[in-house]
Amino acid sequence: MTVVKTVKAPEQFLVQMNGDYNPPFDEVQVTVAGALAAGQVLESASAVVDASSTAVFGILAEDKPAGSAWVRVMTRGNPSTVNRKELVYGDADPDTIDALLEAKGIVVVNV
């Protein structure tokens, strides 16, 4: 019997990228304990953004399984635009996090 698997394409949050595709992504060992979906905004490689975040590390470009894992993270733009509706902010203020992303060249649209 054939097995059909639904696969979510990575970078669903990405709207437009100016220039080369690969430069804004880094492969990073993310040590957040739980599983995270693509589009999760990270404060660091070991923490997701929350209400007290004053820095942004990047956006997960692919789903991360539970435990520590090497994954692609969008750590800068060139400039690039991302869809706010696809990002995961947790309990952080989206406007504050969007400003921190914009400082990295990642512009959030569809606010």
For this session: Take Val71 and Glu27 through the side chain to side chain contact (heavy atoms under 4.5 Å, CB included) test and state the conclusion after the steps.
Result: CA-CA 5 Å; Val71 290; Glu27 188 170 15; over 6 Å; no

Exercise. Side chains of Leu42 and Val56: does their closest heavy-atom pair fall under 4.5 Å?
Worked result: no

For this session: Evaluate the side chain to side chain contact (heavy atoms under 4.5 Å, CB included) criterion for residues Asp26 and Arg76: first the C-alpha distance (whole Å), next the side-chain angles of each, then the deciding distance (0.1 Å), finally the verdict.
Result: CA-CA 9 Å; Asp26 288 330; Arg76 60 197 161 277; 2.9 Å; yes

For this session: Could you pull out the closest heavy-atom pair between Val49 and Ala55, with the gap in Å?
Result: CG1-O, 4.4 Å

Exercise. Under 4.5 Å between any side-chain heavy atoms of Val28 and Phe57, yes or no?
Worked result: yes

Exercise. Where do Ala61 and Phe25 come nearest, in terms of heavy atoms and distance?
Worked result: CB-CE2, 3.6 Å

For this session: Could you tell me whether a side-chain N or O of Asp63 sits under 3.5 Å from a main-chain N or O of Ala37, the two making a donor and an acceptor?
Result: no

Exercise. Using links of under 4.5 Å between side-chain heavy atoms of ILVMFWY residues, direct or through other members, which residues join Val88 in one cluster?
Worked result: none

For this session: Report the distance from atom OG of Ser46 to atom CD of Gln29, rounding to the nearest 0.5 Å.
Result: 11.0 Å

Exercise. Taking the side chain as C-beta and beyond, is there a heavy-atom pair between Ile97 and Ser53 under 4.5 Å?
Worked result: yes

Exercise. Under 3.5 Å, side chain of Glu62 to main-chain N/O of Arg72, donor-acceptor pair present?
Worked result: yes

Exercise. Which ILVMFWY residues can you reach from Trp70 by hopping between side chains whose heavy atoms are under 4.5 Å apart?
Worked result: none

For this session: Output yes when Arg84 and Asp98 qualify as a salt bridge under the 4.0 Å nitrogen-oxygen rule, no when they do not.
Result: yes

Exercise. What do the steps show when you test Asn110 against Asn83 for side chain to side chain contact (heavy atoms under 4.5 Å, CB included), and what is the final call?
Worked result: CA-CA 6 Å; Asn110 297 333; Asn83 183 358; 3.0 Å; yes

Problem set entry | Closest contact, heavy atoms only, Asp91 versus Ala51 | OD1-N, 3.1 Å

For this session: With the side chain counted from C-beta on, respond yes when Val109 and Val82 share a heavy-atom pair under 4.5 Å apart, and no when they do not.
Result: no

For this session: Give a yes or no on whether Val108 and Met74 share a hydrophobic cluster (residues Ile, Leu, Val, Met, Phe, Trp, Tyr; joining criterion: side-chain heavy atoms under 4.5 Å apart).
Result: yes

For this session: Answer whether the closest heavy-atom distance between the side chains of Leu36 and Val48 falls below 4.5 Å.
Result: yes

Exercise. Is it true that a side-chain atom of Lys64 and a backbone atom of Gly34 form a donor plus acceptor pair closer than 3.5 Å?
Worked result: yes

Problem set entry | Contact summary for Ser80 and Pro24, nearest pair of heavy atoms | OG-CG, 4.5 Å

Problem set entry | Single hit among Ile59, Thr81, Thr75 for side chain to side chain contact (heavy atoms under 4.5 Å, CB included) with Ile106 | Ile59

Problem set entry | side chain to side chain contact (heavy atoms under 4.5 Å, CB included) assessment of Leu87 paired with Leu101 | CA-CA 12 Å; Leu87 298 182; Leu101 288 169; 4.3 Å; yes

